[in-house]
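In what follows, every chain begins at residue 1, and chains take the letters A, B, ... in the order their sequences are listed.
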There are 2 protein chains.
Amino acid sequence: MMTEKRKLTLKDIAKALGLSVSTVSRALKAHPDIAKETIELVKKYAEDNHYVPNLLAVNFRKSRTYNLGLIVPEIVHHFFSTVISGAISEANSQGYNILVTQSNDLLEVETKASQIMLNGSVDGLLISISNETTTAEHLNAYLSEGKPIVQFDKITDHLSCPKVIVDDFEGAYQATTHLISQGYKRIAHIRGRKDVKNACDRYEGYLQALRDANLPTSDDLVMCCSAISEEEGYSFTAELMEGRTPPDAIFCITDLVAFGSLKYLKEKGYAIPDQVGLMGFSNWMISETTTPTLSTVNQHGYEMGREATKLLLQLIKDQNLNSEDTTILKTELIIRESSMRQKG
Amino acid sequence: MMTEKRKLTLKDIAKALGLSVSTVSRALKAHPDIAKETIELVKKYAEDNHYVPNLLAVNFRKSRTYNLGLIVPEIVHHFFSTVISGAISEANSQGYNILVTQSNDLLEVETKASQIMLNGSVDGLLISISNETTTAEHLNAYLSEGKPIVQFDKITDHLSCPKVIVDDFEGAYQATTHLISQGYKRIAHIRGRKDVKNACDRYEGYLQALRDANLPTSDDLVMCCSAISEEEGYSFTAELMEGRTPPDAIFCITDLVAFGSLKYLKEKGYAIPDQVGLMGFSNWMISETTTPTLSTVNQHGYEMGREATKLLLQLIKDQNLNSEDTTILKTELIIRESSMRQKG
DNA sequence: CTGTTAGCGCCTTCAA
DNA sequence: TTGAAGGCGCTAACAG
């Protein structure tokens with residue numbers, strides 16, 4: 001059973017055909033210098049004997065791995081899995097493989113993972129940084145060594161490389177404006193960490209929408225998550241609703257948080273959307289399965305993955321293209337039952 | 001900005017220190033032959049000058065990539081993402097990276113992807129085959145070349161290698177038995193394709209549970225999905241409920257199908273679980289977010305990923321270990337509202 | 001203890 | 001149009 005025959009090499013072909021290794025090498029690439037008959041001869045022999053070039057040798061010779069690294073905070077996460085899917089699709093179509101790993105939102109893990117990858121396993125890195133990542137020394141070293149990096153979704157300005165994000169400000173602005181258009185007046189926001197950029201952008205979008213509608217803003221209406229969990233959604237909603245002047249709508253940083261919020265509201269018998277309106281963010285699958293279904297903002301993760309990968313491959317193929325533009329993808333407001341007070 | 005300094009090599013260190021390349025190489029590995037002072041000298045120099053071995057060269061030399069391939073039908077899929085997460089965790093802990101791709105349940109894509117990976121990009125492959133995969137020529141070739149493969153979840157017997165699955169029969173048996181214990185008498189099953197093994201195993205488990213309880217079995221109670229989609233869940237449930245003698249419980253091949261089923265039942269005003277009981281399979285996140293929450297069977301994807309990876313790494317490290325055992329992981333019945341007719 | 005030599009498989013000048 | 005030779009960076013067998 002253990003055939004384990006040694007793989008055919010150029011040398012073998014050369015010997016068999018009475019040619020030199022270099023001729024065989026060139027013939028297989030149909031180099032113009034080589035005689036047509038030789039090319040055919042070699043190609044036929046190679047094919048018949050199932051010659052497969054030794055990738056390890058080729059890559060070593062070219063100093064290329066033809067792999068891209070991809071680091072996300074969490075893999076078991078609807079949004080990130082769509083990004084991964086898009087990245088893989090684009091990479092594969094250009095002959096690259098994707099090497100995936102997760103940081104679990106820990107800086108230490110992210111640091112180690114990026115080192116392992118960039119120390120020779122990949123030609124470039126796609127990364128969405130962890131919640132703990134506020135500096136970027138662990139990545140800047142590689143950047144200046146010439147290893148290209150592209151950031152997406154959760155980004156930091158301390159790393160000057162191309163970035164692909166969603167228009168978090170605009171998405172939050174639209175979501176809040178939609179709530180306002182449905183007649184909600186006291187709109188609360190359960191936000192994410194203050195040191196995470198997209199959480200801040202969403203918060204700013206929320207604020208701006210209120211201001212533009214001449215609605216009051218108040219710190220009492222804003223709660224700040226750290227883990228972005230269902231539990232936080234539940235307990236912050238409790239805090240909001242049990243307060244002196246409870247809100248009539250809640251905009252949550254994420255669908256998961258909104259689900260926690262929904263749970264509390266339903267338990268306490270609030271009518272949604274009539275008494276309290278609710279919006280999430282990210283368009284996870286769960287936003288379609290709750291009752292009522294959850295209004296949200298689609299972040300187009302698949303496109304984000306494709307776009308980030310495209311940029312990274314450009315950088316890899318054209319080394320002296322030294323971009324650090326931020327690509328901002330449009331979000332899409334998805335209105336479902338949890339915020340549709342004005343029927344029809 | 002473009003520093004792009006050439007990386008330090010062993011040769012550079014050797015020259016700088018007036019040693020030979022091989023001495024430097026061995027010193028860095030603390031080879032017992034080398035004098036302690038030399039080792040320290042070399043190590044210090046290497047550290048001070050940030051020497052990093054050229055992975056491409058090392059791997060070429062060792063004919064190893066230290067990468068594992070992982071192919072799943074779909075990445076944006078709760079269960080598979082948990083498997084991926086487990087696989088990555090185990091692989092990373094043993095110094096391997098995971099290269100992920102998806103087949104989209106297409107044999108052609110799966111074939112191409114496995115070829116690309118096994119032609120030198122990875123040292124072994126973890127694969128959950130597509131719905132279209134009924135033979136395994138595209139994989140057997142590599143197996144006999146000595147490239148180890150481990151199958152998980154969706155497997156085929158045409159490929160003799162280790163396999164890791166969940167006890168689909170037992171899981172379905174328990175699920176059905178649970179429905180029976182809740183007093184349901186006419187239990188329907190919306191199953192998957194007849195040429196997919198785990199779909200068949202679940203079907204058999206369902207049948208056996210009915211038989212063991214002396215309940216009638218009938219083809220009228222069994223519907224057969226092909227895409228395993230929400231839409232199929234919806235329409236097959238319609239077909240079942242609009243039939244002559246509708247069931248009083250439905251066991252679905254997957255949570256997604258069960259969600260489609262739930263949608264139909266709620267639309268038509270059936271009381272769940274009182275009039276109709278419902279069970280899914282796989283414990284997706286959505287099974288916690290529906291109303292009522294969905295009873296289901298947990299497949300422990302994370303453990304499956306870890307276990308499959310462990311086996312693959314054993315095979316890689318011990319080439320003449322020629323196992324083809326099937327590891328069967330226990331499932332876990334998760335009882336939620338959709339099947340809890342007997343309160344308390 | 002250390003150095004010399006050879007080679008992994010492929011590509012690419014340079015020379016014929 | 002083809003071949004010979006050298007080298008990518010590292011490892012390991014063999015000498016000394």
Side-chain angles (χ1 to χ4, degrees), chain A residues 4-43 45-46 49-66 95 118-121 123 145-147, chain B residues 4-46 49-66 95 118-121 123 145-147 319:
Chain A
E4 184 75 61
K5 54 199 169 218
R6 204 178 53 73
K7 283 285 205 69
L8 207 63
T9 70
L10 290 185
K11 203 200 259 179
D12 299 326
I13 301 182
K15 200 185 306 175
L17 262 35
L19 290 168
S20 78
V21 174
S22 49
T23 303
V24 173
S25 170
R26 281 175 290 206
L28 285 173
K29 312 205 141 46
H31 190 106
D33 278 359
I34 306 292
K36 284 210 180 69
E37 309 95 52
T38 314
I39 293 184
E40 275 178 29
L41 176 72
V42 173
K43 280 198 169 171
Y45 185 91
N49 295 276
H50 310 106
Y51 169 72
V52 180
N54 180 328
L55 246 201
L56 250 16
V58 174
N59 291 354
F60 168 50
R61 191 62 237 281
K62 298 198 169 148
S63 302
R64 281 289 179 91
T65 66
Y66 296 97
L118 290 168
N119 271 342
S121 296
D123 297 338
E145 258 181 33
K147 290 274 186 188
Chain B
E4 184 75 62
K5 52 197 170 218
R6 203 179 53 75
K7 285 282 207 72
L8 206 64
T9 69
L10 290 185
K11 202 199 259 179
D12 299 326
I13 301 182
K15 199 185 306 172
L17 262 35
L19 290 167
S20 79
V21 174
S22 52
T23 303
V24 174
S25 171
R26 281 174 290 204
L28 285 172
K29 312 203 143 47
H31 189 107
D33 279 0
I34 307 292
K36 284 212 179 68
E37 308 95 52
T38 314
I39 292 184
E40 274 177 31
L41 176 72
V42 173
K43 281 198 169 171
K44 179 155 180 8
Y45 186 91
N49 295 277
H50 310 106
Y51 169 72
V52 180
N54 180 328
L55 245 202
L56 249 18
V58 174
N59 291 354
F60 167 50
R61 191 62 238 282
K62 299 199 169 146
S63 300
R64 280 290 180 90
T65 65
Y66 296 97
L118 291 168
N119 272 343
S121 296
D123 296 337
E145 258 181 34
K147 290 274 187 188
Q319 292 284 3

Trainee: What pair of heavy atoms forms the shortest contact from A:P53 to A:V58, and how long is it?
Mentor: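 Nearest heavy atoms, A:P53 then A:V58: CB-CG2, 4.3 Å.
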Trainee: As a test of understanding, state which of B:L10, B:I34, B:I13, B:L19 forms a side chain to side chain contact (heavy atoms under 4.5 Å, CB included) with B:S25.
Mentor: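 Testing B:S25 for a side chain to side chain contact (heavy atoms under 4.5 Å, CB included) against B:L10, B:I34, B:I13, B:L19 leaves exactly one candidate, B:L10.
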Trainee: Which residue, B:D12, B:L8, B:V24, B:V42, forms the side chain to side chain contact (heavy atoms under 4.5 Å, CB included) with B:Y51?
Mentor: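 Exactly one pass, corresponding to B:L8.
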Trainee: Would you name the heavy atoms of A:L28 and A:A46 that are closest together and state the gap between them?
Mentor: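 Heavy-atom minimum between the residues: CD2-CB, 3.8 Å.
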Trainee: Show the nearest heavy-atom pair for residues A:K147 and A:L118, with the distance to one decimal.
Mentor: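 Reported closest heavy-atom pair: CE-O, 3.2 Å.
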Trainee: Is the side chain of B:N54 donor-acceptor paired with the backbone N or O of B:L56 at a distance under 3.5 Å, no angle test?
Mentor: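 Side chain of B:N54 to backbone of B:L56: a pair is present.
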Trainee: Rounded to whole angstrom units, what separation is found between the CG atom of B:N54 and the C1' atom of D:dT11?
Mentor: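 Checked: the CG to C1' distance equals 13 Å.
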Trainee: For DNA chain C, which residues in residues 56-63 of chain B have a heavy atom at a distance below 4.0 Å?
Mentor: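 Those residues whose heavy atoms fall under 4.0 Å from DNA chain C, taken from residues 56-63 of chain B in numerical order, are B:F60, B:R61.
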Trainee: For B:K29 and D:dA12, give me the distance from atom NZ to atom C1', rounded to whole Å.
Mentor: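 Taking atom C1' of D:dA12 as the reference, NZ of B:K29 is at 11 Å.
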Trainee: Of all nucleotides in DNA chain C that come within under 4.0 Å of a heavy atom of chain B, which is furthest toward the 5' end and which toward the 3' end?
Mentor: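 Taking any atom under 4.0 Å from a heavy atom of chain B, the span is C:dC1 to C:dG9.
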Trainee: Can you name the nearest heavy-atom pair linking B:V52 to B:K7, along with the distance?
Mentor: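 Closest approach of B:V52 to B:K7, heavy atoms only: CB-NZ, 4.3 Å.
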Trainee: Polar-atom pairs under 3.5 Å, protein N or O versus N or O of nucleotides 2-5 of chain D: list them with distances, or write none.
Mentor:
residue: D:dT2; atom: OP1; partner: A:T38; partner atom: OG1; Å: 2.8
residue: D:dT2; atom: OP2; partner: A:A35; partner atom: N; Å: 2.9
residue: D:dT2; atom: OP2; partner: A:T38; partner atom: OG1; Å: 3.2
residue: D:dG3; atom: OP2; partner: A:S20; partner atom: N; Å: 3.0
residue: D:dG3; atom: OP2; partner: A:S20; partner atom: OG; Å: 3.3
residue: D:dG3; atom: OP2; partner: A:T23; partner atom: OG1; Å: 2.6
residue: D:dG3; atom: N7; partner: A:R26; partner atom: NH2; Å: 2.9
residue: D:dG3; atom: O6; partner: A:R26; partner atom: NH1; Å: 2.9
residue: D:dG3; atom: O6; partner: A:R26; partner atom: NH2; Å: 3.0
residue: D:dA4; atom: N6; partner: A:S22; partner atom: OG; Å: 3.3

Trainee: By a strict heavy-atom criterion of less than 4.0 Å, which residues belonging to residues 10-17 of chain A are in contact with DNA chain D?
Mentor: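 Under 4.0 Å from DNA chain D: no residue of residues 10-17 of chain A.
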Trainee: Under 3.5 Å, is there a donor-acceptor pair between the side chain of A:D123 and the main chain of A:R64?
Mentor: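 Flag not set: sc A:D123 to bb A:R64 has no pair under 3.5 Å.
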Trainee: Can you list every pair that meets side chain to side chain donor-acceptor pair (under 3.5 Å) and has a residue in residues 35-46 of chain B, with sequence neighbours left out?
Mentor: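 Of all non-adjacent pairs touching residues 35-46 of chain B, those that pass side chain to side chain donor-acceptor pair (under 3.5 Å) are B:K44-B:D48.
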Trainee: Taking atom CG of B:L55 and atom OH of B:Y66, what is their separation to the nearest 0.5 Å?
Mentor: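 Atom-to-atom, B:L55:CG and B:Y66:OH are 9.5 Å apart.
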Trainee: Using the side chain to side chain contact (heavy atoms under 4.5 Å, CB included) criterion, which residues pair with B:S20? Sequence neighbours excluded.
Mentor: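 B:S22, B:T23.
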